[in-house]
Amino acid sequence: VNINNILADYLTQLSARTAAEVAGNVTGTDLTSFDVVYSINANATIIEGPSAGAAMAIATIAAIENKRIVEGAMITGTIEKDGSVNAVGGIKEKAIAAKESNAKIFIIPKAEYIRSYEQVKSCKNTDGLTYCEISYVPKQSDLNKELGIEVIQVKSIKEAIEHMVK
């Protein structure tokens, strides 16, 4: 992983290796005699976590097949050796960033719960005293409507390819 003065943790590097392995398996290409290099350019000093695994796998598959990534399509998700795309954190924040980058579709792992929280205040009177409690209750978000971006859920990299590689 070429990170250009950015510190990348071991999960990011492991995710890159897994992405290349999955891309080789999906395309039927033996990559053992190739160097697969991922260059990450970011306005950050540290990159950590496996969230870019699915994106790296998609990019590698497109390169191997000499195809293009669909313009305006973005993805987040960990990649597993079996090609499944799994959970990541910060879905809403990542969807906002995708929208701000002019994405038209944003692909996320299936069953990833897109939630925001609603403040609920409940009060009761007991013996002349008012007792109030504030809680935050999960509220299902519809990012399609909230942000004006199409959010697609996938279970596997093969499903993601259908939306991202042409």
Side-chain angles (χ1 to χ4, degrees), residues 1-3 6 8-29 31 36-44 46-118 136-166:
V1 178
N2 178 10
I3 50 176
I6 299 172
D9 76 344
Y10 75 96
L11 289 173
T12 304
Q13 295 182 39
L14 179 61
S15 185
R17 288 184 181 151
T18 303
E21 184 179 331
V22 168
N25 291 341
V26 167
T27 61
T29 305
L31 296 177
V36 179
V37 179
Y38 298 100
S39 291
I40 299 173
N41 295 317
N43 186 15
I46 299 174
I47 302 291
E48 55 186 351
S51 296
M56 289 186 278
I58 289 288
T60 308
I61 290 164
I64 290 169
E65 294 182 339
N66 199 26
K67 294 183 178 178
R68 297 176 357 129
I69 304 291
V70 172
E71 190 172 330
M74 294 188 182
I75 187 170
T76 188
T78 61
I79 189 71
E80 302 299 329
K81 289 188 179 205
D82 67 357
S84 61
V85 177
N86 289 329
V88 295
I91 289 290
K92 185 170 183 176
E93 293 77 11
K94 290 173 182 174
I96 291 168
K99 176 65 176 176
E100 288 173 354
S101 297
N102 297 318
K104 303 289 184 256
I105 64 169
F106 185 54
I107 299 173
I108 65 172
K110 187 111 176 143
E112 199 55 52
Y113 297 104
I114 305 166
R115 293 193 175 188
S116 57
Y117 293 88
E118 180 177 20
Y136 293 86
V137 180
K139 176 183 167 187
Q140 192 74 22
S141 293
D142 184 350
L143 294 180
N144 292 316
K145 289 180 185 173
E146 255 182 74
L147 301 176
I149 186 171
E150 183 181 0
V151 177
I152 300 170
Q153 295 185 18
V154 299
K155 287 185 180 180
S156 71
I157 204 69
K158 288 183 179 179
E159 286 180 49
I161 291 168
E162 295 174 23
H163 301 284
M164 294 196 72
V165 180
K166 298 291 180 213

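Side-chain atoms are counted along with the backbone in the values below, which use heavy atoms only and exclude waters and symmetry mates.
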Chemist: When the side chains of residues 46-61 are checked against the rest of the protein, which donor-acceptor pairs come out under 3.5 Å, sequence neighbours left out?
Modeler:
unit_1 : atom_1 : unit_2 : atom_2 : d
Ser51  : OG     : Lys94  : NZ     : 2.9
Thr60  : OG1    : Tyr38  : OH     : 2.7
Thr60  : OG1    : Met56  : O      : 2.7

Chemist: I need the minimum non-hydrogen distance between Val22 and Lys81, along with the two atoms involved.
Modeler: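 Smallest interatomic distance, heavy atoms only, reads CG2-O, 3.8 Å.
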Chemist: Which atom pair, heavy atoms only, marks the closest approach of Ala95 to Ile149?
Modeler: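 Scanning both residues, the minimum pair turns out to be O-CD1, 4.3 Å.
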Chemist: Do Ser84 and Lys155 make a side-chain contact, defined as non-hydrogen atoms from C-beta onward lying under 4.5 Å apart?
Modeler: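 SC-SC contact between Ser84 and Lys155 ruled out.
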Chemist: Run the side-chain hydrogen bond (donor to acceptor under 3.5 Å, both in side chains) test against Thr12 and tell me which residues pass, sequence neighbours left out.
Modeler: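 Thr12: side-chain hydrogen bond (donor to acceptor under 3.5 Å, both in side chains) contacts with Asp9.
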Chemist: Look only at the side chain of Thr18 and the backbone of Leu14, and say whether a donor-acceptor pair between them is shorter than 3.5 Å.
Modeler: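 Yes; at least one donor-acceptor contact below 3.5 Å.
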Chemist: Does the pair Lys104/Glu150 count as a salt bridge with the N-to-O cut at 4.0 Å?
Modeler: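 A salt bridge is absent here (no side-chain N lies under 4.0 Å from a carboxylate O).
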Chemist: Would you mind reporting whether Ile108 and Thr76 have side-chain heavy atoms less than 4.5 Å apart?
Modeler: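 Result yes, sub-4.5 Å side-chain heavy-atom pair found.
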Chemist: Any non-hydrogen side-chain atom of Leu31 less than 4.5 Å from a side-chain atom of Val36?
Modeler: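 Leu31 vs Val36: side chains touch.
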Chemist: Is the shortest heavy-atom distance from the side chain of Leu147 to the side chain of Phe106 under 4.5 Å?
Modeler: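 No, every pair of side-chain atoms sits at 4.5 Å or beyond.
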Chemist: Output the distance between atom CG (Asp82) and atom CD1 (Ile157), rounded to the nearest 0.5 Å.
Modeler: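 One finds 11.0 Å between CG of Asp82 and CD1 of Ile157.
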Chemist: Could you tell me the separation between the CD1 atom of Ile152 and the CD1 atom of Ile105, rounded to the nearest 0.5 Å?
Modeler: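 These two atoms lie 4.0 Å from each other.
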Chemist: Write down the atom of Ser101, the atom of Met74, and the distance for their closest heavy-atom approach.
Modeler: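 Nearest heavy atoms, Ser101 then Met74: CB-CE, 3.5 Å.
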Chemist: Any donor-acceptor pair under 3.5 Å linking the side chain of Thr78 with the backbone of Asn86?
Modeler: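 Yes, the answer is positive, given that a donor and an acceptor are paired below the 3.5 Å cut-off.
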Chemist: Does some side-chain heavy atom of Met164 sit less than 4.5 Å from a side-chain heavy atom of Ile69?
Modeler: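 Contact flag for Ile69/Met164 side chains = yes.
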Chemist: Applying the side-chain contact (heavy atoms from CB on, under 4.5 Å) test to Val154, which of Lys110, Glu159, Glu162 qualifies?
Modeler: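 Testing Val154 for a side-chain contact (heavy atoms from CB on, under 4.5 Å) against Lys110, Glu159, Glu162 leaves exactly one candidate, Glu159.
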Chemist: Measure the spacing between NE2 of His163 and NZ of Lys166 and express it to the nearest 0.5 Å.
Modeler: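 It comes to 8.5 Å.
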Chemist: Take Glu65 and Thr27, measure what side-chain contact (heavy atoms from CB on, under 4.5 Å) needs, and give me the verdict at the end.
Modeler: CA-CA 7 Å; Glu65 294 182 339; Thr27 61; 3.6 Å; yes
